[in-house]
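Inspection log for the structure reproduced underneath, given as structure tokens.
In what follows, chains are A, B, ... by sequence order, proteins preceding strands, each numbered from 1.
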There are 2 protein chains.
Amino acid sequence: MKKEHEKQIMKAVNELKEREKISNFYFVACGGSQAVLMAGQYMFDKETDIPAYVYTANEFVYNKPKALSENSVVITCSHSGTTPETIEATKLARNIGAMTISLSNVEGSPLWKISEYPIHYDWGKDVDASDLNKGILYGLLFNILDIVSPNKKWQEGLNDLNRLEELTVRVKEQYKNFAKEWGKKHKRDKIIYTIGSGMNYGEMYSTALCWFMEMQWINSGVIHSGEYFHGPFEITDYDMPLLLVKSIGNTRYLDQRVEDFSTKFSDRVTILDQKDFNLEDISENIREYIATILSGVVIRQLVEAIAFERGHSLDVRRYMWQMEY
Amino acid sequence: MKKEHEKQIMKAVNELKEREKISNFYFVACGGSQAVLMAGQYMFDKETDIPAYVYTANEFVYNKPKALSENSVVITCSHSGTTPETIEATKLARNIGAMTISLSNVEGSPLWKISEYPIHYDWGKDVDASDLNKGILYGLLFNILDIVSPNKKWQEGLNDLNRLEELTVRVKEQYKNFAKEWGKKHKRDKIIYTIGSGMNYGEMYSTALCWFMEMQWINSGVIHSGEYFHGPFEITDYDMPLLLVKSIGNTRYLDQRVEDFSTKFSDRVTILDQKDFNLEDISENIREYIATILSGVVIRQLVEAIAFERGHSLDVRRYMWQMEY
């Protein structure tokens with residue numbers, strides 16, 4: 001028997017199949033949700049010739065892209081379903097007649113109500129990883145990609161997604177001690193830069209802006225591996241902490257260059273090499289995508305470890321939820 | 001008599017006029033040059049329905065976008081014309097049959113030779129601002145926009161660009177003392193975040209990655225004004241330095257929100273309000289674009305001031321130009 005979100009995804013996908021014309025895809029959200037959608041923009045850019053863009057919601061609302069039309073598909077996401085900017089962006093898209101698909105953890109939330117095709121994802125420690133936001137998003141994307149750029153790998157990918165929980169448990173076990181040690185070593189860091197390329201950029205974006213700045217009040221900034229040598233590398237010094245995810249995708253060379261250089265001049269570079277995830281049993285064309293989700297799993301372990309060492313709960317906020325802004 | 005670069009621009013523009021089909025525009029470069037091209041991607045996104053993308057060069061090379069074709073126009077930029085990644089990206093584009101237009105300060109450089117339509121821009125303190133990289137780029141863009149999205153404002157814009165030098169001198173005079181004070185006040189800062197939206201994001205990107213990190217070894221990170229409230233604002237505290245450019249464009253509200261909040265909790269927020277540039281004598285539809293260039297002029301004054309106060313020359317590098325990497 002199909003799960004609820006599978007029915008919700010197929011409802012959107014079947015509507016897409018009927019569409020005579022799809023001009024472009026817009027991935028629109030804020031903060032961590034935007035970071036998750038960056039993976040979608042990347043996939044479409046690499047796998048299709050249909051234009052795909054990612055926007056922080058208010059930039060989309062206040063500077064409406066001229067190509068946004070009734071032939072656009074706008075995919076939005078808000079965990080609580082109450083993010084005002086994302087709700088406004090979804091309203092704007094609907095008023096223009098674009099197809100709106102929205103992911104949220106809360107059924108019946110304002111975003112849920114305003115969106116044409118709301119899709120629910122689960123949340124929490126005991127939830128099967130394939131039912132979390134990324135598993136659900138990738139399921140949606142693989143289904144859409146199978147329509148706009150048909151390939152048997154998408155069905156393989158959908159099968160692989162069913163193994164996310166097993167892969168997540170495996171990788172958590174694999175990195176348990178590594179994370180503990182990392183937390184101890186970095187608990188006094190005043191700043192930690194994150195860096196990555198390709199599919200992983202979004203993960204490193206949310207690691208900097210959400211995990212470190214928002215949830216640990218640790219200064220941070222995200223750097224694209226391809227940009228490191230064009231400015232940022234000049235701040236590299238023996239005591240500069242850098243968290244690098246090394247891709248198994250096409251841009252691995254960019255990340256390798258960062259590793260080779262930064263480890264020569266800094267003693268505080270941490271490398272998550274996706275090669276160590278042992279994804280041989282995942283279909284080859286899908287590994288890069290699964291690896292990005294698993295990188296997020298490991299990064300969460302690192303962040304939980306450093307939060308413990310610093311005694312700074314990941315649930316503490318001084319402004320968010322505390323006041324109007 | 002037309003200047004050399006005007007002839008170079010018109011050569012590219014006339015070729016574009018002849019093109020039967022233009023599928024998309026790619027803006028591809030590294031670091032500061034990519035940041036400058038971000039303005040182009042923004043203009044095309046807002047003013048045309050032709051897809052436009054910005055890439056750091058190696059991401060473009062190693063993850064070739066699927067929509068790149070002989071109907072694409074690829075605009076690249078490298079100051080020295082020797083940036084290997086940008087040369088590779090231009091080669092790749094040419095091999096695919098895309099139209100390649102490249103900006104460089106050095107005629108006859110490797111990029112110059114590999115590109116179909118190279119365009120020269122001047123550099124240096126005594127150069128008329130309209131002949132610098134941004135003046136030349138905007139001249140190219142306004143000409144192209146007049147083809148793909150005809151509007152009398154583009155010709156007005158081209159006239160306005162001729163006044164860049166006068167506007168630059170005026171704004172430098174206006175912010176001279178402001179910059180001096182800012183340099184004194186911030187010379188001990190260990191980190192300075194930059195923030196902006198819309199057309200200004202690219203300027204704030206290069207301010208963080210090139211001016212602060214590369215040329216002053218000051219920690220930094222760029223934040224989009226629309227993202228500030230979705231993570232980064234939690235690091236805001238009384239002593240957190242933030243450099244905000246307040247747009248006169250559609251996204252001014254996003255920047256205003258950042259000002260209203262951040263100044264309540266930090267004593268070290270610097271605001272550059274583009275309203276203060278007095279651009280009444282510039283055509284209304286072009287002001288937002290000119291204001292971005294002028295913001296860059298003021299930011300350069302700030303950086304020169306802080307460099308003086310810190311005794312850290314803007315010409316010092318510890319890795320760039322010092323070694324192979």
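Annotation: maximal heavy-atom pairing with chain A below 4.5 Å, among K64(B), M215(B), M213(B), occurs at M213(B). When each of H224(B), H230(B), R252(B) is scored by its heavy-atom pairs under 4.5 Å with chain A, the top score falls to H230(B). The candidate from N58(B), N63(B), L209(B), I50(B) with the greatest count of non-hydrogen atom pairs under 4.5 Å with chain A is N63(B). No other option in G32(B), A208(B), S220(B) has as many heavy-atom pairs under 4.5 Å with chain A as S220(B). When G249(A), S206(A), G198(A), P232(A) are compared by the number of non-hydrogen pairs under 4.5 Å with chain B, P232(A) comes out ahead. Taking L68(A), D237(A), V222(A), V61(A) one by one and counting their heavy-atom pairs under 4.5 Å with chain B, the maximum is reached by D237(A). Your options are S23(B), G221(B), P65(B), and the one with the most heavy-atom pairs under 4.5 Å with chain A is P65(B). Ranking N24(B), N250(B), T83(B), D49(B) against chain A, the residue ahead of the rest is N250(B), based on heavy-atom pairs under 4.5 Å.
Both the backbone and the side chain of F233(B) come within less than 4.5 Å of a heavy atom of chain A. In this structure, the portions of R318(B) lying under 4.5 Å from any heavy atom of chain A include both its backbone and its side chain. Interface remark: F60(B) contributes no atoms to any contact with chain A (heavy atom separation under 4.5 Å). With a 4.5 angstrom heavy-atom cutoff, F44(B) does not touch chain A via any of its atoms. Heavy-atom distances place the side chain of Y193(A), and not its backbone, under 4.5 Å from chain B. With a 4.5 angstrom heavy-atom cutoff, A35(A) does not touch chain B via any of its atoms. Contacts of A52(B) with chain A are made by backbone atoms alone, with heavy-atom separations under 4.5 Å and no side-chain atom involved. Contacts of I223(B) with chain A are made by side-chain atoms alone, with heavy-atom separations under 4.5 Å and no backbone atom involved. In this structure, chain B has a heavy atom under 4.5 Å from the side chain of R257(A), while its backbone stays farther away. Residue Y228(A) does not touch chain B at all, counting heavy-atom pairs closer than 4.5 Å. For a residue to count as touching a neighbouring chain, one of its non-hydrogen atoms must lie under 4.5 Å from one of that chain's; by this rule S149(A) touches chain B with the side chain only. In this structure, chain B has heavy atoms under 4.5 Å from both the backbone and the side chain of E227(A). Neither the backbone nor the side chain of Q216(A) comes within contact range of chain B, judged by heavy atoms closer than 4.5 Å. With a 4.5 angstrom heavy-atom cutoff, S197(A) touches chain B via backbone and side-chain atoms both.
Residues passing the side-chain contact (heavy atoms from CB on, under 4.5 Å) test with V36(A) are N133(A), K134(A), L137(A), sequence neighbours excluded.
Here the side chains of P51(A) and Y53(B) are in contact, with some heavy-atom distance below 4.5 Å. A 4.5 Å side-chain heavy-atom check between I235(A) and F212(B) finds every atom pair outside the cut-off. Proximity of D260(B) to Y325(A): side-chain heavy atoms (C-beta onward) are nowhere separated by under 4.5 Å.
With K66(B) contributing its side chain and D45(A) its backbone, the two residues share no donor-acceptor pair below 3.5 Å.
The aromatic rings of F265(A) and Y319(B) are tilted relative to each other, their planes meeting at an angle between 30° and 60°.
Atom OH in Y201(A) sits 10.0 Å away from atom OG1 in T56(B) (nearest 0.5 Å).
Residue E234(B) comes nearest to M320(A) through the heavy atom pair OE2-N, 2.8 Å, listed as atom of the first residue, atom of the second, then distance.
Residues K46(B) and E59(A) are not paired through a salt bridge, judged by the lack of any N-O separation under 4.0 Å between the basic side chain and the carboxylate.
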Exercise for the section: Quick one: do I191(A) and K190(B) satisfy side chain to side chain contact (heavy atoms under 4.5 Å, CB included)? Show the steps, please. Expected result: CA-CA 10 Å; I191(A) 184 164; K190(B) 297 271 166 285; over 6 Å; no
